[in-house]
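The next block holds one structure in the form of structure tokens; read it before the comments.
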Amino acid sequence: MPDGASQVLDVRDLNTVFRTRNGEVHAVNHVSFSLKKGELLGVVGESGSGKSVTMMSLIGLLPSPPAEVRQGQVLFDGRDLLQTDADTLRDIRGARIGFVFQDPMTSLNPVFTVGFQLREPLKRHMGMSKRAANKRAVELLELVGIPDAAQRLKDYPHQFSGGMRQRVMIAIALACDPEVLIADEPTTALDVTIQAQILELVKELRQKLGMAIIWITHDLGVIAGIADRVLVMYGGQVVEQAPVREVFKNPQHPYTKALLETIPHVRGERAERLQVIEGQPPMLGDAPTACPFRTRCPQAFERCARENPARATISPGHDVACFLAGSESADA
Amino acid sequence: MLDDTAKNKLIEVHDLKMHFPIYAGIFRSHVGDVKAVDGVSFDIFEGETLGLVGESGCGKSTCGRAVLRLYDITGGSVKINGQEIGETPQNELRKMRPAMQMVFQDPQASLNPRMTVEGIIGEPLDEHTKLNRKEKLAKVHELMDAVGLNRTFSNRYPHEFSGGQRQRIGIARALALNPKFIVCDEPIAALDVSIQAQVVNLLEDLQERFGLTYLFISHDLSMVRHIADRVAVMYLGKIAEVAPRDALYADPLHPYTKALLSAVPEPDPDLTTEDRVILQGDVPSPTNPPKGCNFCTRCPSVMEICRQSDPEFREVLPGRFVACHHFNENTNAT
Amino acid sequence: MLNYTLRRLMFSIPVLLFISFIIFLILDLAPSDPTGNLPLTIPPEVREKIRESLGLGQPMPVRYYKWCVQFFVNEPLNIWDQYWGTCSFGCEDRLRVVSYVTRSPVVDLIVQRMPQTLWVVGMSYVVGILIAIPIGVISAYKQYSWFDQTGTFVSMVGFSVPPFFSGVLVIIIFSVQLGWFPSIYDTTLKVVSWDTFMLQVRQMVMPVMVLALQTTAQISRFMRASMLDNLNQDYVRTARAKGMKESVVLLVHVLRNSLIPVITVIALGIPAVFGGAIITEQVFKVNGIGQLLIIGIQGGDAPLVQTLTFIFAVMIVMANLVADIMYGILDPRIRYD
Amino acid sequence: MKMKTILLGAAAAVALSACAARAERGADGHLNIIYWQAASILNPFLSGGTKDTEAASMVIEPLARYDEKGNMVPYLVDEIPTVANGGISEDLTTITWKLSPGILWSDGTPFTSADVVFTAEYCMHPEGGCQQETKFSGVTNVEALDDLTVKITFDSPKPFPYGPFVGVESPIIQAAQFANCIGADAPNCTAENFGPFGTGPFRVTEFKANDVVSYEANPNYRDPAKPAFATVTFKGGGDAASAARAVLETGEFDYAWNLQIDPTILTQMAAGGKGEVVSSFGTSVERLMVNLSNPSADLGDKRSTLEGGPHPFLTDPIVRTALSTAIDRNLLAEVGYGAAGKPTCNVLPAPAIYASTANDACLVQDIAAANAMLDGAGWARGSDGIRAKDGVRLSILYQTSTNAVRQDTQALVKQWWGEIGVETELKNIDAAVFFGGDQSSPDTYQKLFADIEMYTNNFAGTDPEAYMNSWTCGDIPTPANNWLGSNMPRYCNPEYDALAAQMGQTSALDDRAALAKAMNDLLMQEGAMIPLIHRGDVSAHSNTLQGVLMNSRDSELWNIADWSR
Amino acid sequence: MTDTATTTKTEAPRSQWADVWDQFRTHRGAMIGAAFFVFICLLVTFGPMLWTLEPNYIDIRAKNQGPSMAHPFGTDQLGRDTFAQVLAGGRVSLLVGVTAMLLALFLGTLVGVVAGYFKRLDSPLMRLTDLFLALPILPLLLVIIMLFRDTLRAAFGPETGIFILVVSVIGITSWMHTARIVRGDVLSLKEQEFVLAARSIGTPSRRMILRHILPNVMSPIMVSATLGIATAIITESAISFLGLGFPSDFPTWGRLLSDSTNFMTLNPERVIWPGLAISLTVLSVNYIGDGLRDALDPRIRGR
């Protein structure tokens with residue numbers, strides 16, 4: 001990326017491996033990307049594409065063993081998070097990098113009040129007194145749109161609805177004004193009407209607080225409405241990276257294209273028959289030596305089985321990992 | 001009703017109620033009910049797909065199971081092919097089972113992990129036919145072909161398959177007895193995006209080939225738009241709106257349908273979503289639904305009457321049924 | 001919660017009545033005859049008279065009713081009177097449950113035996129739990145480490161060694177060879193000073209050790225399993241993502257959740273410990289409830305056995321109730337209307 | 001009648017009082033006694049258990065006791081009444097005791113003849129259930145001639161009139177305390193039965209039934225210098241081995257009772273040097289009771305009664321002799337008893353004047369001879385090695401109480417009998433049941449629903465008359481007499497009964513001895529019983545405890561007033 | 001599941017149990033435990049055929065001996081061969097353990113499945129389970145043994161009678177935990193979609209239970225089975241210690257151990273063998289249970 005100063009996070013060549021009895025599973029392979037200040041980076045991919053594992057690897061949240069971050073760099077604020085000791089990493093987690101997880105039902109500790117869980121990072125990272133933390137907690141709950149905030153601090157997670165719980169999760173992630181917020185499928189478990197509420201809230205918060213966000217999802221619709229830039233992942237690697245309009249209007253990777261075509265729409269023309277991507281998503285295993293999408297790719301040719309294509313920039317800010325990218329045949 | 005009358009009503013559901021009692025207090029007295037399904041009526045015509053959509057907890061799955069009499073229903077009537085099954089005891093119902101089958105949401109959970117594919121697909125044959133082992137195996141293989149499964153895998157166990165393949169096994173099982181009617185209970189919700197399309201296409205192909213009738217339950221409005229001929233929208237145990245697919249998506253009448261449709265994110269960054277209706281608040285608890293219209297707590301165009309009385313579910317335009325006071329007035333006015 | 005407690009309490013009444021009836025029935029089948037222990041020289045007519053006075057001539061339901069009256073009405077009244085020094089409802093001729101063998105009211109015997117049993121069994125349980133929980137926590141956190149493996153091994157050995165063996169073993173080691181602790185429990189010791197307190201501690205060490213070994217073995221396994229369940233939960237990841245220290249994650253977030261099922265196990269284990277202490281009591285001559293029961297069984301002392309087994313049953317039912325209530329208190333998700 | 005014992009007793013009494021007055025009462029502090037069977041009641045009239053009578057013996061006393069040699073020692077009287085000193089009438093029908101003056105109960109009230117009379121009434125009350133009623137057999141009247149004189153009248157001449165009020169089982173209870181506890185009320189007087197007032201050296205401070213008794217020195221004890229211990233704990237519970245350990249190895253206790261455990265273990269424990277094992281021989285004989293009646297369950301009510309018919313094979317004297325000959329009594333003694341057991345062939349091995357030597361052939365095991373005997377009698381070995389004749393197999397159910405030494409003995413005997421072609425099934429019954437006398441239990445030693453049973457019996461004191469009466473026809477337990485009776489073998493021989501009757505009329509000691517021997521020999525030759533071991537009582541005391549005189553004829557604690565440290 | 005889509009050769013069926021076995025094999029403790037348990041079972045079954053010394057043969061001259069060629073485990077106070085006794089005792093103890101476990105398992109599974117499956121029977125059956133749980137087990141056990149010992153002894157002979165009694169008493173008093181676990185599992189299984197699927201096919205209750213419910217509750221049953229064996233062996237030893245078990249010349253591990261505790265200082269190896277036998281068996285069975293629990297846990301086995 002040209003203007004390195006504006007980058008808050010720069011991930012280079014990240015590799016994560018799970019050691020299992022049946023050998024190593026390469027879950028993340030040579031993933032590189034960067035995140036600019038105030039930017040919302042959408043990460044799209046199906047389950048098993050390595051999108052969550054990538055984000056967990058960044059900040060040392062994967063259980064080790066079995067997980068092991070093999071190589072790569074994660075530059076944050078001038079230092080490599082992969083080389084940082086556990087204590088410093090803990091100081092960064094929750095304070096400068098906030099997390100929101102998929103399932104708000106299980107991500108909150110059921111036996112502690114919301115207030116307790118909200119105060120925890122405040123006391124830990126900001127050194128607040130209980131009183132101060134409480135005050136801040138009320139502000140945070142109000143910020144994420146929970147009515148009657150002071151009262152609800154005393155409630156337990158199960159007394160909140162799913163949407164409200166996810167708001168609490170967001171409040172916790174935002175507690176210490178992080179520079180980066182990583183949201184791992186934050187709306188997948190929610191109903192569409194609630195998802196709309198949360199999306200609205202995030203847009204609003206971005207305007208107010210201006211932090212950079214990594215938004216992981218499998219729903220292209222969500223990405224389209226919220227992201228600035230999109231990272232498409234498949235088989236543990238990034239296959240395409242582009243600004244959001246580019247991805248939807250000028251997708252280059254066959255997978256991205258196929259994905260866009262399979263999605264039915266609520267508005268506009270109704271397709272008589274859905275396009276499909278034949279075959280099954282790849283099983284992760286050994287480090288890939290060939291293009292992971294080749295078995296399902298309609299345009300796959302002999303080279304795809306021999307070599308794993310590297311990401312190549314085809315236009316500013318748009319790079320693709322496909323031998324056909326940028327060439328005429330890719331648009332065919 | 002236009003030409004609908006010409007079609008044969010395969011399923012007639014009238015005022016279906018499925019209540020789960022709540023017991024509380026020192027003596028475990030019956031203090032109330034979870035009204036999971038509370039007076040639902042709809043028909044399904046032969047050969048068509050009725051999409052049943054709604055948010056989680058609205059009672060759509062319960063409704064689907066109640067229609068198949070997997071539960072003992074609290075009230076109302078369910079007719080299949082003109083035959084009332086609402087009160088039929090389970091052992092008599094057994095004989096009617098082949099005609100109505102179900103495809104389940106979780107392809108992992110809906111297959112017995114201790115049985116082979118052959119066993120799973122063959123189970124309905126064991127129960128309802130007198131085929132010998134060889135005939136059975138032939139039939140199983142036939143079914144596997146039909147759903148696009150490699151027949152050499154018939155001895156394998158479910159965990160050796162991927163999600164999409166498992167769902168095919170589930171579909172093959174449902175097809176085994178040549179049913180007329182299949183309830184598809186969120187058959188694609190647990191699948192990856194790229195697999196969903198495969199399964200939906202398969203279901204459509206099979207419908208065409210075997211003349212099936214589907215009740216397709218889903219929370220995914222875009223998929224329902226694709227597969228359903230008519231769509232019913234459920235909210236909090238009741239049906240808010242039933243309409244032919246195109247009409248519903250083009251011009252939703254019920255405020256809830258409107259909100260639901262506008263909440264679906266569109267995979268197109270150019271589409272402005274400024275006019276989106278964003279509902280406030282959460283779905284009330286089915287234990288204690290609000291008085292009046294059950295949508296009145298979140299409805300953007302709520303009126304006084306909505307908090308007083310429950311709107312009648314009525315046909316406001318040909319083939320379009322809505323339960324909303326707005327349309328009561330409209331129809332009254334015209 | 002209150003409703004729930006009340007409901008459970010009310011429900012426990014018929015349960016306990018039913019249990020008492022079953023116990024009564026079983027003992028009724030027993031070949032023991034209260035007059036059997038009378039000298040053989042007593043003529044049969046007199047023997048018959050004594051049997052009648054004990055209500056033995058009557059049909060079973062009548063005897064059961066009599067026992068119920070004695071146990072549920074007379075004994076509580078008696079405790080009331082003793083406590084307040086009053087005499088209500090004709091305390092003179094109130095019929096009490098009397099042991100066939102010692103001829104003294106069963107309740108008095110039990111009251112006499114309670115202190116030592118409570119001291120030893122109670123303490124061993126507390127000690128066992130206090131040891132078990134850290135072991136379980138560490139074992140789970142360091143799953144498959146040498147600590148975990150050792151812990152597993154030791155706790156299984158603890159589970160598999162019968163107390164009549166481990167008891168004698170520790171006596172030989174600590175009493176005979178080292179002379180540290182007395183091998184015989186002195187039930188007459190009254191703790192009035194530091195010295196007597198130390199004596200009490202010394203005589204409790206070995207039985208407590210033997211009993212605690214079993215408690216520790218079981219509870220640490222439960223604790224470990226429960227910790228393992230919770231360590232994989234999403235909220236643990238959330239806590240880590242908040243940057244909480246590992247100690248906080250483990251000892252605040254995971255521990256509290258893991259304790260919930262373990263508390264139930266602990267509460268449900270109380271009666272079993274009392275019952276299981278029978279052998280330990282024998283070995284160390286603690287002469288508590290367990291030994292009383294054994295003597296009662298061997299001597300065919302039906303009222304004693306019946307009352308004791310029933311008290312055990314009451315304890316189990318109550319422990320069940322306490323376990324459920326604790327569950328509700330610890331886990332805010334559980335709200336018994 | 002000249003009673004040597006009396007003279008000896010008087011001498012002993014003098015000797016005892018000589019070594020008294022040495023120390024001050026209570027000077028030696030606390031005494032710890034462990035009886036591995038716990039005391040359940042302190043009224044020996046309501047419990048026959050040794051543990052109970054012994055625990056009570058520290059508190060309540062008889063008029064006279066037997067010392068460790070079997071001599072009578074006056075306790076609450078100044079001298080033992082004899083014919084010579086006029087205490088016993090010439091026709092042997094009355095005995096008059098003169099109480100020592102100035103004796104006080106532990107509550108401070110004077111001890112008078114009224115208490116003695118009351119005790120007799122108490123025990124002789126038909127509804128009282130007195131366990132020691134046999135002590136009063138033949139007594140027609142007990143009267144107080146004055147405050148300190150009691151006269152006992154018997155229905156017939158009593159050559160040995162020292163049943164009532166002599167020995168540990170016949171102590172005196174206080175009339176004032178037990179006044180309301182007579183007859184059917186006796187068992188209900190919990191406070192009294194748990195804490196009787198007595199004249200003995202100690203009084204009860206706390207009684208926990210089946211657990212522990214606490215005593216303190218009786219402030220009103222007649223000898224102001226005694227007892228040497230201020231307090232005593234009488235702990236119960238556990239087993240013999242742990243009791244021995246507590247005295248011999250850990251030194252926690254001063255005295256442990258009845259250490260019937262494997263002699264090798266005991267020897268090893270004693271090697272610890274903290275205490276000493278003491279034993280004394282009384283009249284206890286571990287014996288096999290041979291059921292001469294048929295115990296077959298098919299007989300129903302007639303099971304194990306004379307009406308049920310004779311035993312299918314044990315009535316054959318050759319079988320009985322063979323069974324006895326096959327046993328190596330020396331080995332049994334060595335394995336199970338060590339120094340505390342001597343092989344014996346007599347059911348009456350002591351006192352010495354009564355001991356017969358006519359049967360000593362059985363002391364030597366001779367499997368070959370036993371086999372020959374059986375072969376000769378036509379008991380031929382079957383294919384399984386078990387002998388049979390006329391379809392009757394030599395298969396024996398052999399029962400006894402649960403006890404490690406007895407189980408070892410059973411195992412050994414089973415093996416030996418196996419060698420002579422006799423099949424044995426072992427059965428052991430908890431002592432509480434076996435000796436419990438429970439009417440409804442089939443497992444009591446009286447019912448003998450087995451072919452052979454093993455236990456020990458003895459008699460207190462020195463006179464075997466009552467003991468030998470046990471095997472008369474009238475003493476057979478039957479359903480009619482509620483299985484009361486001590487003739488377990490169901491032995492019935494008019495010849496024996498005649499000897500027994502004769503003994504009741506004989507007062508000369510030598511003649512009595514001759515009769516007793518004759519009766520013993522008759523029993524042995526007829527094989528009604530197979531005696532195994534003349535057992536001693538084994539106890540242990542710590543090295544610091546002095547004055548213990550092991551006594552098998554009275555309470556082991558008989559002289560606890562003289563114990564010191 | 002690798003490349004199912006591409007394979008066209010004949011299917012390679014992989015049953016769940018093969019997977020369980022694969023997972024089980026990786027648990028070292030469980031494998032050692034299983035090996036030991038099999039070893040001990042074989043030893044007590046076939047050992048007496050090879051070591052032909054009678055366990056009850058008394059050789060009084062050889063009493064209280066330490067290990068030697070003639071008596072590898074030494075002898076007891078009557079000169080009986082400890083090795084032969086441990087073998088004979090093991091037969092009984094293991095037989096008691098396994099039979100009592102099977103009985104408890106049968107009862108527990110029956111009650112659990114019926115209670116979980118048939119809603120109407122749930123409440124009464126669970127109340128019954130609570131009731132049994134509320135009965136004080138050890139005391140009742142003792143009472144029952146006292147009561148029925150003689151009847152059974154008369155009917156089946158001293159050894160078989162007591163065996164039946166001990167086994168049934170342990171079995172009858174220890175099924176409740178299995179029942180509770182099984183019921184819980186059945187209740188959740190009943191909500192599983194594959195059961196619903198079977199119901200939508202019209203599978204009747206009997207086949208539903210046999211085909212769908214039972215195979216899927218096998219895992220908790222197996223785990224409680226292993227624990228059941230251990231508990232039964234220990235309970236038998238407690239009964240033996242309290243003198244209520246088998247006849248005195250009928251060795252079981254519990255009796256051998258309690259008989260030898262008094263000889264602990266004199267002849268320590270006598271205590272060690274039965275003690276070791278009990279401990280190691282219980283230990284191995286526990287480890288097997290541990291391994292099974294892991295192996296049957298889909299979360300661990302999944303991949």
Side-chain angles (χ1 to χ4, degrees), chain D residues 239-242 244-245 248-249 259 261-269 271-272 296-298 328 330-332 334-336 365 397-416 418-419 424-433 438 440-443 449-450, chain E residues 53-65 75-81 85 142-143 145-162 239-251 255-268 270-271:
Chain D
D239 53 297
S242 59
R245 194 177 294 124
L248 298 171
E249 293 197 308
L259 305 179
I261 45 178
D262 192 290
T264 45
I265 300 177
L266 201 57
T267 315
Q268 200 218 8
M269 285 179 173
S296 165
D298 306 337
D328 185 347
N330 290 298
L331 189 59
L332 287 183
E334 178 197 325
V335 168
Q365 182 195 31
L397 176 63
Y398 174 11
Q399 70 180 21
T400 188
S401 70
T402 308
N403 166 324
V405 173
R406 289 210 166 110
Q407 264 72 80
D408 285 355
T409 306
Q410 273 189 316
L412 282 164
V413 169
K414 177 178 179 175
Q415 172 145 326
W416 291 322
E419 287 172 29
T424 313
E425 183 199 321
L426 304 184
K427 179 178 178 185
N428 46 302
I429 301 152
D430 191 88
V433 177
D438 189 330
S440 48
S441 167
D443 284 334
F449 288 170
Chain E
L53 224 54
E54 260 297 298
N56 279 330
Y57 178 75
I58 297 171
D59 179 7
I60 199 72
R61 282 172 299 283
K63 70 170 180 173
N64 290 330
Q65 278 187 356
T75 58
D76 71 359
Q77 82 277 12
L78 294 179
R80 288 176 289 206
D81 181 58
Q85 292 217 323
L142 299 178
V143 173
I145 290 180
M146 292 294 281
L147 290 182
F148 297 107
R149 184 152 68 154
D150 293 295
T151 329
L152 282 165
R153 188 194 186 106
F156 298 99
E159 277 113 45
T160 324
I162 296 289
I239 297 174
S240 277
F241 170 76
L242 294 173
L244 291 166
F246 290 96
S248 60
D249 58 339
F250 195 68
R255 178 175 294 281
L256 290 177
L257 185 60
S258 72
D259 279 354
S260 57
T261 42
N262 280 336
F263 293 85
M264 200 185 290
T265 48
L266 193 72
N267 204 356
R270 253 190 83 185
V271 200

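Values below: every heavy atom of this structure, side chains too, minus hydrogens, waters and symmetry copies. The chains referred to below are lettered A, B, ... by the order of the sequence lines, with proteins before strands, and numbering in each begins at 1.
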Any side-chain heavy-atom pair from D:Trp416 and D:Leu332 closer than 4.5 angstrom? yes

Taking the side chain as C-beta and beyond, is there a heavy-atom pair between D:Leu397 and D:Phe449 under 4.5 Å? no

Measuring heavy-atom distances to chain E, does D:Leu331 have an atom under 4.5 Å in its side chain, in its backbone, in both, or in neither? side chain

For chain E, which candidate among D:Asp239, D:Ile265, D:Ile261, D:Thr264 shows the most heavy-atom pairs at distances under 4.5 Å? D:Ile265

What part of D:Asp262 lies closer than 4.5 angstrom to a heavy atom of chain E: side chain, backbone, both or neither? side chain

Side-chain touch D:Tyr398/D:Glu425, heavy atoms, less than 4.5 angstrom: no

In this structure, CZ of E:Arg270 is separated from CG of E:Asp259 (nearest 0.5 Å) by 6.5 Å

Part of D:Asp328 within contact of chain E (heavy atom distance under 4.5 Å): neither

Separation of D:Leu412 CG from E:Arg80 CZ (nearest 0.5 Å): 8.0 Å

Under a 4.5 Å heavy-atom cutoff, which of D:Gln407, D:Gln410, D:Met269 has the most pairs with chain E? D:Gln407

Residue D:Ala404 versus chain E: region with a heavy atom under 4.5 Å: neither

